[in-house]
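Report on the structure given below.
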Amino acid sequence: MKTRILTMFAILACVIPALLFGGILIDALVVFIIVVGLHEVCQLSEQHCPRAVEYFLIAAVLFSLILDARLRLPYVGFVCIILLAMPVFSEKMLVSDTFLCMAFAAFFVIIGTGFLAMYNQEPLFIWFIILATYVCDSFAYLCGRFFGKHKLCVRISPKKTIEGSIGGWFFAAVISFLFAYFFISHEHLLAMALGSIFLPIFGQIGDLAFSAIKRSYKIKDFGYLLPGHGGILDRVDSLLFNLTVFYLIFTAVNLL
């Protein structure tokens with residue numbers, strides 16, 4: 001527990017200044033999460049992706065973030081074509097690994113694009129997403145510990161309970177909405193209200209989805225970079241889902 005707490009303080013010491021001051025710090029944070037996250041993905045396969053493929057994947061995703069937005073979608077399609085073709089030229093690249101790499105490459109492009117777009121418009125959007133995600137996580141644990149009786153998804157996460165899930169959703173929805181109401185411009189109130197409702201739900205789904213990936217590959221954690229927490233993906237699994245969901249909500253509301 002002591003190691004876990006010390007690691008959490010170290011994480012906060014890196015993340016909070018980046019969110020407060022932006023600029024090169026926020027760019028470095030995004031690059032770090034993408035690089036380490038994709039490295040952890042490439043280590044999932046039993047024989048691991050070839051190092052050249054890992055480097056290509058990381059470079060391709062990072063390059064997408066500096067492209068003109070009009071080029072980004074066809075560019076991602078081209079990257080997927082290259083990944084699909086790799087088993088033709090190398091027997092070390094399994095077909096199953098190409099689909100894994102394709103999925104996470106596209107996922108990280110969307111996450112990186114959405115994160116930077118929302119942060120550049122209003123940094124408090126990111127604080128809102130983080131609050132909705134981790135308040136839900138904390139209260140789901142507390143409510144489950146004290147009131148949990150009915151299992152939520154034994155097949156994937158035996159300790160999670162329905163009572164914990166509902167409690168986490170309720171507290172996260174209320175607290176994140178109050179934060180948005182008092183600190184974020186009311187012109188975004190509809191997006192904030194929808195985010196308060198849906199982010200605690202999708203955050204929990206994200207947690208279960210990444211747990212399912214770990215069970216599928218028979219691993220406990222995605223990595224060992226964060227003592228007491230595992231890898232980067234173990235720490236940001238719910239957050240990655242919620243960044244994507246809120247980016248959709250925010251974009252859709254702005255089109256109304």
task = Please assess F108 against L57 for the test side chain to side chain contact (heavy atoms under 4.5 Å, CB included), listing each intermediate value before the final yes or no.
result = CA-CA 10 Å; F108 273 101; L57 195 63; over 6 Å; no
message = Please check if the number of heavy atoms outside F170 that lie under 6.0 Å from its CZ is greater than 12.
response = no
request  = Check for a donor-acceptor pair, side chain of D234 on one end and backbone N or O of D221 on the other, with a separation under 3.5 Å.
outcome  = no
message = Any heavy-atom pair between the side chains of I213 and D237 that's under 4.5 Å?
response = no
task = Flag the pair R235 / M8 as yes when at least one side-chain heavy-atom distance between them is below 4.5 Å, and no otherwise.
result = yes
Side-chain donor/acceptor of N120 to backbone N/O of L116, under 3.5 Å = yes
ask   = Applying the 4.5 Å side-chain criterion to the ILVMFWY set and letting contacts propagate, would L12 and F21 be lumped into a single cluster?
value = yes
query = So which heavy atom on T3 is nearest to which on G228, and how close?
reply = CG2-N, 4.3 Å
inquiry  = Could you check whether any side-chain heavy atom of L19 comes within less than 4.5 Å of a side-chain heavy atom of I130, counting everything from C-beta outward?
reply    = yes
key: From D27 atom CG to L65 atom CG, the distance as rounded to the nearest 0.5 Å   = 9.5 Å
message = Donor-acceptor pair, distance only, cut-off 3.5 Å: does the side chain of S216 make one with the backbone of A212?
response = no
ask   = For F198, does the CZ atom have more than 12 heavy-atom neighbours from other residues, nucleotides or ligands under 6.0 Å away?
value = no
query = In terms of hydrophobic clusters joined by side-chain contacts under 4.5 Å, are L190 and Y247 together?
reply = yes
key: Separation of L178 CG from M192 CE (nearest 0.5 Å)   = 13.5 Å
message = Does any part of the side chain of M93, heavy atoms only, come nearer than 4.5 Å to the side chain of C101, both counted from C-beta?
response = yes
request  = Step through the shown structure and confirm whether more than 12 heavy atoms of other residues, nucleotides or ligands are within 6.0 Å of CD1 on I66.
outcome  = yes
key: Stepwise side chain to side chain contact (heavy atoms under 4.5 Å, CB included) check, D137 with S238   = CA-CA 9 Å; D137 189 43; S238 302; 5.6 Å; no
ask   = Can you name the nearest heavy-atom pair linking C49 to D97, along with the distance?
value = SG-CB, 4.1 Å
query = Distance-only, no hydrogens or angles: does the T7 side chain make a donor-acceptor pair with backbone N or O of P227 under 3.5 Å?
reply = yes
request  = Decide yes or no for L208 and S157: does some side-chain heavy atom of the first lie under 4.5 Å from some side-chain heavy atom of the second?
outcome  = yes
query = Taking the six-membered ring for Trp, are Y119 and F115 parallel (under 30°), tilted (30 to 60°) or perpendicular (over 60°)?
reply = parallel
query = Hey, does V109 have a side-chain heavy atom less than 4.5 Å from the side chain of F63?
reply = no
query = Hey, what do you get for CG (L225) to CD (E40), rounding to the nearest 0.5 Å?
reply = 7.0 Å
I11 reachable from V30 in the ILVMFWY side-chain graph, under 4.5 Å edges = yes
inquiry  = Using the rule given for side chain to side chain contact (heavy atoms under 4.5 Å, CB included), can you reason through L142 versus F171, listing the C-alpha separation, both sets of side-chain angles and the distance that settles it, and then say yes or no?
reply    = CA-CA 11 Å; L142 292 173; F171 283 102; over 6 Å; no
query = CD1/I184 to CD/E122 distance, rounded to the nearest 0.5 angstrom?
reply = 6.0 Å
inquiry  = Test side chain to side chain contact (heavy atoms under 4.5 Å, CB included) on L20 and W127; report intermediate values, then the result.
reply    = CA-CA 10 Å; L20 288 177; W127 288 101; 4.1 Å; yes
task = Without swapping roles, check the side chain of H150 against the backbone of T161 for a donor-acceptor pair under 3.5 Å.
result = no
task = Could you tell me which non-hydrogen atom of E163 sits nearest to which non-hydrogen atom of G148, and how far apart they are?
result = OE1-CA, 3.6 Å
query = Quick one: CD1 on I126 to CD1 on I129, what's the gap to the nearest 0.5 Å?
reply = 4.5 Å
Single-linkage hydrophobic cluster, 4.5 Å side-chain cutoff, V41 and Y224 together = no
Distance, nearest 0.5 Å, that separates CD1 of I201 from CD1 of I166 = 10.5 Å
key: Parallel, tilted or perpendicular: rings of F210 and F104 (30°, 60°)   = perpendicular
request  = Over all heavy atoms of both residues, which pair between P200 and A173 is shortest? Give the atoms and the distance, please.
outcome  = CG-N, 4.0 Å
task = Might you point out which heavy atoms bring V79 and A60 nearest each other, and give the distance in Å?
result = CG2-CB, 4.0 Å
note = When every non-hydrogen atom of L226 is compared with those of G231, the smallest separation belongs to CD1-O, 3.9 Å
inquiry  = Any heavy-atom pair between the side chains of F246 and F128 that's under 4.5 Å?
reply    = yes
message = Just so I know, are the side chains of T244 and F202 near enough to count as touching, which here means a heavy-atom distance under 4.5 Å?
response = no
ask   = Are I81 and L83 connected in a single hydrophobic cluster, I mean Ile/Leu/Val/Met/Phe/Trp/Tyr linked by side-chain heavy atoms less than 4.5 Å apart?
value = no
ask   = Can you tell me if OH on Y141 sees more than 12 non-hydrogen neighbours from other groups inside 6.0 Å?
value = no
query = Taking the inter-plane angle between the rings of H188 and F250 on a 0 to 90° scale, is it parallel (under 30°), tilted (30 to 60°) or perpendicular (over 60°)?
reply = tilted
key: Donor-acceptor contact below 3.5 Å, side chain W169 vs main chain A140   = no
task = Have a look at V135 and tell me which of L199, I175, V174 forms a side chain to side chain contact (heavy atoms under 4.5 Å, CB included) with it.
result = I175
query = K214 side chain to F222 main-chain N or O, any donor-acceptor pair under 3.5 Å?
reply = no
query = Okay, side chain of Q204, backbone of S165: is any donor-acceptor separation there less than 3.5 Å?
reply = yes
